[in-house]
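Positions are given from 1, in the same order as the sequence printed here.
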Amino acid sequence: MAIFFKTSSSHSLFRAYKCLPLFLILLLGAGGWMTPGAGVASASKVTFGGHLSKTVGFGNDLYVLSDLSFHGQQASRTINFPYPRRWSPASGSTLYLGLSHAPGLVPRLSDLKVELNGSLLKIIPLDQSNSNPTEVAISLDGAKFQEYNNLIIRVTQHYANECEDPFSTTLWTNVSTTSRLVLNYQEQTLIPDLHGWPYPFFDVRGLGNTQIGFALPETPEMETVRAIAKVATNLGAIADYRPVEVVAQQDKAGALIAIGTAGENQLIAQLGEHLPLPLKSGQFLDAGGQPLGPEIGVLEILANPNDPQSPLLVVSGNGPQGVEAAARALTERTYEPILGGQVAIIRKLNDFPRIDSSLGSPASPGVVPTPKTCTLQDLGYLTTTVHGIEPEPIVVVLHEFPGVKPIGQSQKLRVVFAYGAQMNTELSSLEVKLNDVSLRSYPLVKAEGEEHHEDVIEIPNHLIKPYNEFEFAFHLYPKQLGKCMPVVDKQLWGTLYETTRLELDKEYQSQLPDLSLLGYSGFPLTKDNGFSGLAIVLPCKADKFCLAGLLKLACQIGIWGQELGAYPYIPYDVYFDNNLPRLVQTSRHLLVLSPCHTNVLEEKLGSALALQKHGATIKLWQTSPQAPRLFEQAHAYLEEILSPWAAGKVILVVSSNSPDTLGSAVDLLCKPTLRAQLSGNLASVSPLHIVKAAQTLPKTTVSKIAPWRQATAFLADVPWAAPVILLVLLCFVTWGAMIYVGTKGKRTSSN
């Protein structure tokens, strides 16, 4: 049974208003980590006597990727955005809309309405004053913000007083992606509580990027290193579509996580007696005053001494085994019920079931490759209804691994939909697209509508790619349309049911090594059994640069896991190079961190790698006939090779010329703009962030397709092959029969 106790959820020693002397010291330029138990809020976050403010851009923060275009006599668009948990609205919040429209609109009949959560904010006449690009300010004072908010923009537009074409191209209005919300707020007092993890470090209702600092140990044990990876991976997986950045830092304001024992982590030792569960002589004690066992984990949350409005989490124990137990309790969902308050002591973690990393994650059925038969609900999409003339299409995204190989003549999409009555049956339809290619158009022909219509669409094999986007576009029109008839479209609706399903007969066949495939959610490192086919290998003397690299890589693996629909607990292992089990070496993908050629595993690979050590810091491309120039100005590298120890697996070496440049090689994997430039099996990045790539090894086909299925796939791809093969076989059979008959005739005559 896991035992824990709670302390007060707020610690008065960390409140800023009790720290005036230290505040004066800071003004005089004092630096370093502040005395635990005292602190001030970061100047970048607080305006004394005022409020905080955040600008939320439509394009950057709300993911409105293109201008909002409104056509026809009536149109509307909805933008959804959350409101962070610790914010209280303050006066002065404003919505700035970048607006333009057709100059011929009649102002008396044309306007733009802005609503927030069902309440009207403003009506803007569409006249000559705003026909050219104009920014309109709309006050949000008095607006009722909710946990999740609906901002609705409705447009009514007419170019004539009476008769007009309701679909004229002169009826248009644009709202620019430069539009933004300026939200003023006051931040509520932090209440540290483990129960809300990952809040308050990561708020699912937050806006924009989130940065979380990690105070890392100097020379950690293997269990502590695994704890660092578990926590960072968990944060990446939970972040969903919002960017999260984990950085190694020690003496900073903001959200901070300290991992390790007091002997490993200097920050935890400095906090000492000021922790909710204090340290005594470097040890955590139980209620009887005795040191906790080294296998017992300790989780503590408190206010950051440098920033009382930001949290600090301690993942610790009296031994490395306890540190890993604390990280598991924090990140594996089966342990959530035992966490609460400011302190949790994890005594018997084995009392709770653990997902065996060798078997993958049974709780993550959504991890691609997708099942051969799956509904929209299986892919995370629910039944959706759209309304009005030409509503926005319903978009469904299907991720597959690179090398997906459809088998047979075609695949199937069984679409299930419904639509309402009072519809123009000659014009209304449902169009189904895959990757911008129309597959089928269904006329909506029943005047009384349909509650359930089901049909099968054949999908050509060549249309299925690693990233697929299905569009279900309802084209809905009212019965009566004409220049002198008012358009009424509120009765128009179409529904796509979540029981719509895909029936895919497929296998996988990839050409490796190929760094460009990493852009597909880390392929191939992340493709086996929910990530259990991956191991990260660090030098046995991992320094702060190695640990910082591991931190970023672990978070990126979590992000890839989220992209693939994986359970937030993503199983993979971390090892030092001097204790890598033989079974792991011969059965897994390996990601090797190797600054300055210090990783023993890289040395074991020897001539299998194109990059070889030369002198103290420079690595050379050994296949170059002369002193190579391709990478001579580079300081960090990625090289991917097929594993010489495990069939179908790869080894990815992340290397650098010096320890402090290892982060640049890690950035090649973690920064999308750099990762998009990868190709071949060897890449480098220069101090100016110039990426170069080369192919030093021939690609090899790595396949899961059985021979008989490969033959089936070949015949499906090459239709003329089957008759040719049959003709050749027929010729051989005929020739064999003729020889047999001739031989038999000779024997008969001789007898």
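Expressed to the nearest 0.5 Å, how far CG of L642 lies from NZ of K699 amounts to 11.5 Å. Within the model, atoms CZ of R501 and CG of D378 stand 10.5 Å from one another, a figure rounded to the nearest 0.5 Å. Note that CD of E640 and CG of L518 are 5.5 Å apart. Values are rounded to the nearest 0.5 Å. How far CZ of R440 is from OG of S429: 12.0 Å, rounded to the nearest 0.5 Å.
Annotation: E448, atom CD; neighbour count of heavy atoms from other residues, nucleotides and ligands within 6.0 Å is above 12. Surrounding CD of E450 are more than 12 heavy atoms belonging to other residues, nucleotides or ligands, all under 6.0 Å away. The environment of Y520 atom OH is sparse: at most 12 non-hydrogen atoms of other residues, nucleotides or ligands sit within 6.0 angstrom.
S438 pairs by the side chain to side chain contact (heavy atoms under 4.5 Å, CB included) definition with E431, K433, not counting sequence neighbours. For S441, there are no side chain to side chain donor-acceptor pair (under 3.5 Å) partners at least two apart in sequence or on another chain. Under the side chain to side chain donor-acceptor pair (under 3.5 Å) criterion, S587 pairs with no residue, sequence neighbours left out.
For residues 460-476, there are no salt bridge (Lys or Arg N to Asp or Glu O under 4.0 Å) pairs, not counting sequence neighbours. Applying the salt bridge (Lys or Arg N to Asp or Glu O under 4.0 Å) test to residues at least two apart or on different chains, none of the pairs has a partner in residues 61-75.
Y477 and F167 have perpendicular rings, their planes meeting at more than 60° on a 0 to 90° scale where under 30° would count as parallel.
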Could you pull out every donor-acceptor pair under 3.5 Å between side chains of residues 411-418 and any protein atom, sequence neighbours left out?
| unit_1 | atom_1 | unit_2 | atom_2 | d |
| --- | --- | --- | --- | --- |
| Q411 | OE1 | D505 | N | 2.5 |
| Q411 | NE2 | I407 | O | 3.0 |
| Q411 | NE2 | N461 | OD1 | 2.9 |
| R414 | NE | E503 | OE2 | 3.4 |

Taking it one step at a time, do T701 and Q511 satisfy side-chain hydrogen bond (donor to acceptor under 3.5 Å, both in side chains)?
CA-CA 5 Å; T701 300; Q511 297 289 317; 2.6 Å; yes

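Side chains of T210 and E245: no donor on one and acceptor on the other come within 3.5 Å.
Stacking of R226 on the aromatic ring of Y572 is not recorded, the 6.0 Å distance cut-off and the 45° axial limit not both being met.
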